[in-house]
Each structure stands twice: as C-alpha cells, then as structure tokens.
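Note on naming: letters A, B, ... go to the chains in the order of the sequence lines (proteins, then strands), and numbering restarts at 1 for each one. In this text, all values refer to a predicted model and were calculated from it rather than measured experimentally.
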Number of protein chains: 2
Amino acid sequence: MKHRDIWRGLDALAAHHGLTASGLARRAGLDPTAFNPSKREGADGRPRWPSTESLARVLESVGSRFEDFAALVDGRRGAIAPLIGFAQAGQDGFFDDAGFPVGGGWEEVRFPGLETESVYALEISGDSMEPAYRAGDRIIVSPGSEVKPGDRVVAKTIDGEVMAKVLARKNTRTVDLASLNPAYPTRSFKPPEIVWLARILWASQ
Amino acid sequence: MKHRDIWRGLDALAAHHGLTASGLARRAGLDPTAFNPSKREGADGRPRWPSTESLARVLESVGSRFEDFAALVDGRRGAIAPLIGFAQAGQDGFFDDAGFPVGGGWEEVRFPGLETESVYALEISGDSMEPAYRAGDRIIVSPGSEVKPGDRVVAKTIDGEVMAKVLARKNTRTVDLASLNPAYPTRSFKPPEIVWLARILWASQ
DNA sequence: TTGACAATAGGTGAATATTCCTATTAAGCG
DNA sequence: CGCTTAATAGGAATATTCACCTATTGTCAA
C-alpha cells in the first residue's frame, strides 16, 4: 500500500459514487479542498496522507466498508461479483463478445477475489449437472481463464443458450459438452456455434 | 469503521504475526510506544487514530496487504483460510473439539470471506465424492454452520477419520453419510462416533 | 454574456499524531 | 535473587494534517 494507491483508491471510491474527490470530502463533512491534488504532496514533494479518521468519515458518508475501500486501494477486482440467473444469461445484452458481463442492475454477491481475475456468479437452474450442481447453487465464473478438457465450463451458443457443462473435447472441428447427470446426453457443437467458454472456478455447496 | 475497530484490527494484525502492538510498531520502524493503549485516546477521552502513513508502514513491515488489514478491522474472518490436507486432517492436534482448526504452519489459501464465518480449506483426495469433488479440488469448510440433511459436510469420527460426504440422515440414533460416487456405500454412524460435522460452503472446480 | 457553483491552488493557524524522553511494571532467565 | 528486556504510562517537543481563507478557472444554465 503506497501513497499513490491510497489516493487512487480515494478517487475510485468517489467515482464509484458519482462524486469527485472534492464532492466526496464535502459529503463527508470535511473541507472540500482536503483532497485537492495540490494537497496530496507538500511543497517540498513530501507525500501527504489522508488521516485514518478522515477515511473513516468518508466511508461512513457513502456507506462503504473499510474492506471495500482497501480492495480499491489494492487495485483488486472481483470482491463483488454480479449475480446473474441462467434465464437472464441467455438474453442479449448481458455479456460482451468475450463473455464478460456488461451493464448493471444485477444483484451482487460478495465473493472473494481470487487474484485479480474478473469473475461473476451464476445461479444454477435445472438438473443436468447433478449431483455436482443443484438448482439454486451458485457458481463463480471466470471468463478470462483458459479452458481445457475436463474443466467445468459455462458455454454460450449462438442460439443464446447458456449452460454449465463439462468440457469433454475441444479441437478445430468439434466442441463436446458433457453433462454430469447421465440422463442428459453429451452435446456436440462446431466451434463457430460456441460464442464463448468460461471456466467455473468455485461452486457453492 | 470506528475508532475501536481500527485498534482491534491493529492488535489482531500484531497477534497474527506473533507480535504485540508494541512489537509491531518497533518492527515497522515506528516508536515502540506509538500504539500504547495510553496513546489510543487523549487525556480528555478524545479518540486518537493512527495515521494512514503509520498503517502503511506497519503493513509493509509484516508483508500484509491493506485488504487483509481491512478484513480484520471489519471483524470479518476467512480472508485467509488455512489449507489442510485430508491426510493431515485425520491426525490429532489439527482441530479443536468444535471442529475449528488450531495451531499454525499451514499453507494459506486466499479465500473470500463470506459473511463473518470462520472457514478453512481442505484438499480432496480419493474419489468417493466423484463427480462433484475430484482429487486435488479444494473445498471451503465452515465448522460453525448448522448442518441439515442434504448438505455436503466434512465429518470427523472418533477413529480420527476425516471425510467429505453428503449428510443423508441425522437424528438421535444415527448419522448417515452418503457418497456421491455410487461405488461407495452409505456409512452409518451413531452420534457419539461423530466428533464434529462441518458444512462445505464452496468447492473449487 | 452573466451568474452560480464546483473544482482547484496556495497560504496560515489550529488541531492532532508522532517521536523522544523518563519512569514503572511485568516477564523471562541464569 | 539479580539482570535484562518488553510493555506500558505520562509529558514535552516536533511534525503533519485539517479547517479556514482567498483567488482563479471551468462548467452549466438562464
């Protein structure tokens, strides 16, 4: 945690609430100039740090927790993962071409950022992945991770279908997605039919 | 985040590294008396806050991240979960009577504290819970949670055996633990034979 | 354009944290 | 016990942040 990280975190916190650093200070009952760029280092270039008490008042004023601010300071992502239902996930407008969630308005589920990966949560419906995933379970999905055969993945087809499967085979001619539930057959796709594959990192139990 | 939370977090950080508040200050190159209880409020009872710069130096000295400290301040647990192998888990001295891990020296796995639960991680060996858990998967276990039939649980028997199972039945006369892998039979225990049951919250995929 | 307001720079005094000092108490050790 | 060290309390001097002040610039809307 360095001097510049603190100020970057403070700016990010302000931006997260639609405020400027100045507006954030005003809202916290502090002097509006307290977070001025000119106040972030002394005349001799010595770094200036906001006091812990000022940080506490800022966090109080916007209703954020200390840990959320710290996540901003550390520059980590994924402390909060957006939660999406499979029914919604099939609709357009929820993911970009790379499989990352876009837009807002989702419920948020507190999830532990692993490293710096960008993740989101999906709520399971259906029984094709029983017994590993039961309806209502939540899975944490990383659209940025590499997938290899054997991984549990979320796939989106060009038809808009979103499903959690086991990646059985993947080559230039075919992408095979297996269900754990033997009542469901393995489905075979041609690569162009799969819009994206995202690896499942965690599953609630 | 309140005044007492900051100081509690600082004490917890020190304790986490086997130090006192005084020792932590010394290690950070600060005055050893800087964190004295007598310096935590002024003569008039006005609260005193450690400066952000002092916090930064403290975190630097012990190699902790700001977010870890914030988790301590917020009173949340589980940002870091100790990782234990099943082979070790069966030995004595790794858990207390309530099923909480004790002692130290484990590898630590970064895990996202959900709520305020105390959690730890176990690495799966064996195939009795295939296909849900494969050897090498990591499960996040909460010894403090209530367990009910249908939950995936970790159980420890009086024989010292530690296993991940599905809780099939639990009443005053019997505790039935089922495997997901049909090749393994359901095992039935009498309640006194089970030392503790801990619910599995998450599983890596 | 003009007016109101936000954001910002720069400076000063007040408020407050830290260091440095001394003294006391407690804990470990030969 | 006697010795050393850590932890702590209390106080004074120093260092730094904050609130307050003034002035400038930019934005937005009437």
Side-chain angles (χ1 to χ4, degrees), chain A residues 1-64 66 69-70 72-73, chain B residues 1-64 66 69-70 72-73 103-104:
Chain A
M1 169 174 118
K2 304 220 175 306
H3 173 256
R4 65 175 176 280
D5 298 326
I6 282 284
W7 290 110
R8 180 170 42 72
L10 203 64
D11 286 336
L13 182 73
H16 203 267
H17 291 87
L19 300 166
T20 62
S22 172
L24 183 64
R26 185 180 302 112
R27 179 153 167 181
L30 303 170
D31 189 279
T33 71
F35 299 150
N36 270 7
S38 63
K39 299 288 175 74
R40 298 183 183 187
E41 51 182 49
D44 51 358
R46 181 183 50 79
R48 285 173 103 121
W49 302 70
S51 75
T52 308
E53 186 172 12
S54 293
L55 291 180
R57 295 178 66 174
V58 162
L59 292 172
E60 175 78 18
S61 72
V62 297
S64 287
F66 192 32
F69 174 67
L72 293 174
V73 171
Chain B
M1 166 174 120
K2 306 223 174 303
H3 172 255
R4 65 176 174 281
D5 299 326
I6 283 284
W7 290 110
R8 180 171 41 73
L10 203 63
D11 287 335
L13 183 74
H16 201 268
H17 291 87
L19 299 167
T20 62
S22 172
L24 184 63
R26 183 181 303 112
R27 176 154 168 182
L30 303 170
D31 189 278
T33 71
F35 299 151
N36 268 10
S38 63
K39 299 285 177 76
R40 300 184 181 186
E41 51 182 50
D44 52 357
R46 179 184 50 79
R48 285 174 102 122
W49 302 70
S51 76
T52 308
E53 186 172 13
S54 293
L55 292 180
R57 294 179 66 175
V58 163
L59 292 173
E60 175 76 17
S61 72
V62 297
S64 287
F66 192 33
F69 174 68
L72 294 173
V73 170

When rounded to whole Å, the CZ to P distance for the pair A:R27 and C:dC5 reads 20 Å
What is the separation between atom CG on B:N36 and atom P on C:dC21, rounded to the nearest whole Å? 16 Å
If I take atom CZ in residue B:R26 and atom P in nucleotide C:dC20, what distance separates them, rounded to the nearest angstrom? 14 Å
From D:dA9, C:dG10, C:dC20, nucleotide with atom closest to A:S38 side chain: C:dG10
Here's a test of your reading of the structure: between B:T20 and A:L30, which maps to the more 5' nucleotide of DNA chain D? B:T20
Integer-rounded Å distance: D:dT8 P and B:W7 CH2: 12 Å
Non-hydrogen atoms of B:R8 and B:L72 that approach each other most closely: NH1-O, 3.3 Å
On a heavy-atom basis, the closest approach of A:A70 and B:A70 is CB-CB, 3.5 Å
State which of C:dT19, D:dA7, C:dT8 makes the closest approach to the side chain of B:D31. C:dT19
Rounded to whole angstroms, how far apart are CZ on A:R40 and C1' on D:dT17? 15 Å
Contact class for B:G42 vs. all strands (heavy atom < 4.0 Å): base, sugar-phosphate, or nothing? nothing
Which label fits B:F69 and B:F66: parallel for a plane angle under 30°, tilted from 30 to 60°, or perpendicular past 60°? parallel
note: A:L19, atom CG; C:dA7, atom C1'; distance rounded to Å ~ 13 Å
Of all of residues 46-55 of chain A, which get a heavy atom below 4.0 angstrom from DNA chain D, listed by number? A:R46, A:P47, A:R48, A:W49, A:P50, A:S51, A:S54
Within the structure provided, determine whether A:L19 and A:R27 are in side-chain contact (heavy-atom separation under 4.5 Å). yes
Is the shortest heavy-atom distance from the side chain of A:E53 to the side chain of B:R48 under 4.5 Å? no
Can you figure out which of D:dA9, C:dA6, D:dC21 approaches the side chain of B:P37 most closely? D:dA9
Atom-to-atom span, CZ of A:F35 to P of C:dG10 - whole angstrom: 19 Å
Closest approach of A:A21 to A:F35 (non-hydrogen atoms, all atoms of both residues): O-CD1, 3.6 Å
Electrostatic pair B:D11:B:R40 at N-O distance under 4.0 angstrom: yes
In whole angstrom, give the distance that lies between atom NZ of B:K39 and atom P of D:dA9. 9 Å
